Amino acid sequence: MSDLDRMHIFNRVAELSSFTQAADTLGLPKASVSTAVQQLEAQLGTRLLHRTTRRVQLTQDGQAFYERCKDLLADVDELQTMFHQQGTQALRGRVRIDMSTSMARHAVIPRLPELLAQHPLLELEISSTERRVDLVREGFDCVLRSGAVGDTSLVARPLGAMRMVNCASPAYLQQRGLPQGPADVAAHHLVHYTNTLGAKPDAFEYLDAAGALVSVPMPGAVTVNNAEAYVAACIAGLGIIQVPCVGVREVLRSGLLVELLPQHVAPPMPLTLVYANRRNLSQRVRVVMDWLAQVVDDYLHAI
């Protein structure tokens, strides 16, 4: 029995939490299944499963190994079918991606049914967070990143840029007045946004006539670290925000927010698909990344 066979058996036991059921589905004696897992544990030098008379449960090491097993077995299956006709090749396995909460909610998740209808054996793990994840250490296949990429060791695929707008609520403008130019904003409040609470507050940014970036320090009583909270704070009348237009299209149309100073906006925010510098990406990851690129393009150009 090969190591790959043992991994396949372990994977089935982990999925079913049962040696007996795994043996039945694989058409093997229960003793063979148990021996294969024991040999795998001996080879790895760690216990993968907790066994009792009533249940089988993954250990912490077993959970980590199981996650890697799923990916490896999917890659092997993909390798075995790489010379099949493209139309008959079934994509299977897990793809783990990260993106902002706003992008997940408004752009990607509403379009997921069409992707899974085309590739029903795919398993997608979607992390939606505002922090900068460690793509390699945390096991992400790709990250949809807003703003600067930062890490030059990663491969960056530009997807476009989001036009920025300045917004405030009607109630806030009624109370504080409508700023007529950049010189007026210092007397207003800004809802501060930061990925890390306690960091230096941001300022009101805009490009001047020469294309140079200008930053105007502004006071603000509220600091948030989440895109949804950022917009909600603005709707609540807590200050001005500078935000990608695509993220507030609906609230602008509804009148909950009002655009201001349209001639003095921050630079467009780039959107980039980032992934590890691997020579050979799996087909399932390539397909998901191409799909994400199309979804983002449709989202950016939606009326």
Side-chain angles (χ1 to χ4, degrees), residues 1-86 88-98 112 115-116 118-127 133-143 153-155 274-289:
M1 183 179 294
S2 68
D3 290 341
L4 196 62
D5 290 333
R6 295 187 185 96
M7 291 171 63
H8 182 67
I9 290 171
F10 163 76
N11 200 61
R12 188 58 58 87
V13 173
E15 288 175 342
L16 298 175
S17 299
S18 168
F19 283 92
T20 301
Q21 292 183 36
D24 290 342
T25 60
L26 294 170
L28 295 172
K30 181 182 177 182
S32 297
V33 171
S34 180
T35 298
V37 173
Q38 290 173 4
Q39 291 172 343
L40 192 58
E41 288 178 323
Q43 183 178 352
L44 295 172
T46 188
R47 180 176 290 275
L48 300 174
L49 297 166
H50 290 302
R51 305 162 176 84
T52 67
T53 56
R54 293 188 176 183
R55 62 184 302 186
V56 176
Q57 186 176 7
L58 287 165
T59 65
Q60 185 173 353
D61 287 343
Q63 181 65 44
F65 187 70
Y66 169 64
E67 297 295 336
R68 297 299 295 271
C69 260
K70 285 203 302 182
D71 291 343
L72 179 59
L73 292 172
D75 287 340
V76 169
D77 184 72
E78 187 174 289
L79 181 64
Q80 291 172 337
T81 60
M82 68 180 295
F83 297 111
H84 292 185
Q85 293 183 357
Q86 187 68 24
T88 62
Q89 183 175 346
L91 296 178
R92 66 176 68 230
R94 181 184 64 179
V95 178
R96 178 179 291 177
I97 57 182
D98 176 79
L112 278 182
L115 176 67
L116 295 177
Q118 296 175 14
H119 306 288
L121 299 180
L122 279 178
E123 299 175 21
L124 297 175
E125 292 186 355
I126 300 176
S127 164
V133 299
D134 187 321
L135 186 146
V136 175
R137 185 176 61 84
E138 297 182 55
F140 287 100
D141 293 294
C142 61
V143 171
S153 68
L154 302 174
V155 180
V274 182
Y275 56 99
N277 190 8
R278 300 172 185 166
R279 180 170 297 178
N280 295 308
L281 284 173
S282 69
Q283 180 67 12
R284 68 180 181 278
V285 174
R286 291 184 184 276
V287 167
V288 171
M289 289 200 304

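The shown structure was predicted, so the numbers you read here are calculated from the model rather than taken from an experiment.
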Please report the interatomic distance CD(Gln38) to CZ(Arg51), rounded to the nearest 0.5 Å.
6.0 Å
Donor-acceptor contact below 3.5 Å, side chain Glu41 vs main chain Leu49
yes
If I take atom CG from residue Asp5 and atom CD from residue Gln39, how far apart are they, to the nearest 0.5 angstrom?
11.0 Å
Would you say the side chain of Leu26 lies within less than 4.5 Å of the side chain of Ile9, judging by non-hydrogen atoms?
yes
What are the two closest heavy atoms between Ser127 and Asp98, and how far apart are they?
OG-OD1, 2.7 Å
Candidate pair Asp3 and Leu40, rule side-chain contact (heavy atoms from CB on, under 4.5 Å), full reasoning:
CA-CA 8 Å; Asp3 290 341; Leu40 192 58; 5.7 Å; no
Are Leu44 and Phe65 close enough that some pair of their side-chain heavy atoms sits under 4.5 Å apart?
yes
Correct closest heavy-atom pair for Val287 and His119 would be CG1-NE2, 3.7 Å
Going through the checks in order, is the side-chain contact (heavy atoms from CB on, under 4.5 Å) test met by His8 and Leu4?
CA-CA 6 Å; His8 182 67; Leu4 196 62; over 6 Å; no
State the CD-CD distance between Gln57 and Gln63, to the nearest 0.5 angstrom.
9.5 Å
Side chains of Asp61 and Arg47 in contact at under 4.5 Å (non-hydrogen atoms):
no
Counting C-beta onward and ignoring hydrogens, is there a side-chain heavy-atom pair between Ile97 and Cys142 closer than 4.5 Å?
yes
If you round to the nearest 0.5 Å, how far is CD of Gln43 from CE of Met7?
9.5 Å
Measuring from atom SG of Cys69 to atom CZ of Arg6, what distance do you get when rounded to the nearest 0.5 angstrom?
12.5 Å
Got a salt bridge between Arg96 and Glu125, using NZ or NE/NH1/NH2 to carboxylate O under 4.0 Å?
yes
So do the side chains of Leu122 and Arg284 get within less than 4.5 Å of each other, counting heavy atoms only?
yes
With distance as the sole test, does Thr59 use its side chain to make a donor-acceptor pair with the main-chain N or O of Leu48 at under 3.5 Å?
yes
Any side-chain heavy-atom pair from Val56 and Phe19 closer than 4.5 angstrom?
yes
Of all heavy-atom pairs linking Ala14 and Leu58, the shortest is CB-CD2, 3.9 Å
Assign the ring pair Tyr66 / Phe10 to parallel, tilted or perpendicular, where the plane angle (0 to 90°) is split at 30° and 60°.
perpendicular
So, does Thr35 use its side chain to make a donor-acceptor pair with the main chain of Ala31 at under 3.5 Å?
yes
Close side-chain approach of Ile126 to Leu112, heavy-atom, < 4.5 Å:
yes
